[in-house]
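Predicted, not measured: the structure shown is a model, and the values here were computed from it. Counting starts at 1 for both ligands and their atoms, following the listed order. As a basis for the values below, the full set of heavy atoms in this structure was taken, side chains included, without hydrogen atoms, waters or symmetry mates. Nothing fancy with the numbering, it's 1 onward along the sequence.
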Amino acid sequence: ALLEEGGPCGTLFNVPAYVGLTIDAVMQETEHAFPWIMPDKKPLHRPLSAAINRLYDVYGKRGDNENEFYSIFKYTKVTGIGNQAGITRRDPSKVLRINGKYYVWYTLRHTKPPKWNNGDDETPSSDWDLSDIGYAVSDDGIHWEEKGIAVARPPKGTVGDRSLATPDVMVAEGKYYLIYQAYTGYYWEESTKYRDAIIAAYPEQDGSSYHWDFCCASMAWADSPEGPWTRLDKPVIDRGNVHEWDNTCIHDPYLIKFNGKYCLYYKSDSHIINDNCLKTSQQGVAFADSPMGPYTKSAYNPVLISGHETFVYPYKDGVVAIATFDGPEKNTCQFSKDGVNFEIKGHLGLIPTAAGPFNPDAFADNGDAQGITWGMCHMRKADGSGFYLARFDCDLSQKNLHPELKKDR
Ligand code: AAL
């Protein structure tokens, strides 16, 4: 029964432990979170272990149940954009509420089955190849109606002609913006050229591990969430040069407004080792004064040394980033006052993969963001043929909940 929904772990990426569990099993699994109760003062009359010292010095009386940076996660099957043979839906955007309805955008692929890294004009080379940006609406976040394609791939010869994937959405200055990974060229030809340039610059390092998922992020804008969308057909943020930490890709672009700036968080990795680069998934941020950029990468990048897909939200007067399943700080909830320097505040388990939270104040920039209580994420199909969307619920919010969030509880 445990293998009913999820398949065995893939070989391509680390995948979270719950991939092999049914959604129901994951819900049971995550419903246990025991609080701790302890005396006020550290005992001085007996020897204390390192762990007991940490309990008093680092964690204190505050149990995880009262920690705003801690939550369990529950998972719920959804209708309309859930598990469906032959269709992949993955990497959902944040969820928006517009005129009383929830909207989500995601990678939508309805093609022949992928041949990993070996596709052709009609056969995808990965689960997110030959995709477009789809979207769906819902009254309750559980029953969704797929409305179809929001942004389709452009004609050949244009940035993003091979695949558009992994979108996020922003509302700013009276317009809607979608940002997404844009893959260009047959077999990601452009990417291969770029990979070869890295190999040529570092001949002494093992080029065989350079992966092929090279892309930039591009954008489209619209006056309404229903479109029509106007694609920019050019990068709004591009990979770094061969010597930089983000020399492979701009993945998982995610937009918030913070401290007066449009902030674009993204994941990258380098596959080269030098003073700027290490081989693991990392995340950086870029800032702009206008929604469509230009986005200037922070000189401090990377700002997170762990996590796979970006999972950030404004919180109080700062920004929370959740590091999922890669790197030394995996499974942590981190907080930053300036959006750049993050500190670990909580440890999490069974974190949603590729989460797109319902984030009512993602763009409010009022120094009092309320956090999140649910969102959408993706799950792997049991037969490994693709992914589908599910809902997660959590409590990563202030006690005094945002009216929008309160309504949802
Ligand atoms: C995801 C994301 C990006 C990658 C691929 C599709 O989970 O990290 O979007 O390119 O996998």
**Q** Can you list the ligand 1 atoms lying under 4.0 Å from a non-hydrogen atom of Tyr183?
**A**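 In order of numbering, the contacting atoms are 10 (O).
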**Q** Does the side chain of Tyr183 reach to within under 4.5 Å of the side chain of Leu130, using non-hydrogen atoms?
**A**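 Not in contact.
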**Q** Heavy atoms only: which of Gln181, Glu309, Arg90 is nearest to atom 3 (C) of ligand 1?
**A**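 Checking each option, the heavy atom nearest atom 3 (C) of ligand 1 is found in Gln181.
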**Q** Which of the numbered atoms in ligand 1 are under 4.0 angstrom from any heavy atom belonging to Asp252?
**A**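 Near Asp252, meaning under 4.0 Å from one of its heavy atoms, ligand 1 has 2 (C), 3 (C), 8 (O).
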**Q** How are the rings of Tyr315 and Phe69 set to each other: parallel, tilted or perpendicular (split at 30° and 60°)?
**A**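 Perpendicular: the ring planes of Tyr315 and Phe69 meet at over 60°.
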**Q** Do Asp127 and Arg109 sit within salt-bridge range, that is, some charged N less than 4.0 Å from a carboxylate O?
**A**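 Salt bridge: yes.
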**Q** Where's the contact between Tyr266 and ligand 1, heavy-atom distance under 4.0 Å: side chain, backbone, both or neither?
**A**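 The answer is neither.
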**Q** Going by the atom numbers of ligand 1, which of them fall below 4.0 Å from some non-hydrogen atom of Thr166?
**A**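 Reading through ligand 1 atom by atom, the close ones are 3 (C), 6 (C), 9 (O).
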**Q** Within the 4.0 Å heavy-atom shell around His251, which atoms of ligand 1 are there?
**A**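 Those atoms are 4 (C), 10 (O).
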**Q** Set out, in order, the CA-CA distance, both residues' side-chain angles and the distance that settles ring pair (Phe, Tyr, Trp, His ring centres under 6.0 Å) for Phe358 and Tyr102, then state yes or no.
**A** CA-CA 9 Å; Phe358 172 53; Tyr102 298 111; 5.3 Å; yes
**Q** Within ligand 1, which atoms have a heavy atom of Asp213 less than 4.0 Å away?
**A**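 Answer, ordered by atom number: 4 (C), 10 (O).
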**Q** Is there a nitrogen or oxygen of His378 sitting under 3.5 Å from a nitrogen or oxygen of ligand 1?
**A**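 So ligand 1 has no N or O lying under 3.5 Å from an N or O of His378.
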**Q** Would you call Glu68-Lys316 a salt bridge at under 4.0 Å N-O?
**A**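 Looking at Lys316 together with Glu68, the answer is yes, because their closest N to O distance falls below 4.0 Å.
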**Q** Give the atoms of ligand 1, by number and element, whose distance to some non-hydrogen atom of Lys267 is under 4.0 Å.
**A**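 Selected atoms, number and element: 8 (O).
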**Q** If we count only N and O atoms by modelled type, under 3.5 Å, do the side chains of Tyr135 and Glu145 hold a donor and an acceptor together?
**A**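 Judged by distance alone, the side chains do not pair up.
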**Q** Is a side-chain N or O of His378 found less than 3.5 angstrom from the main chain of Asp91, in a donor-acceptor match?
**A**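 Yes; at least one donor-acceptor contact below 3.5 Å.
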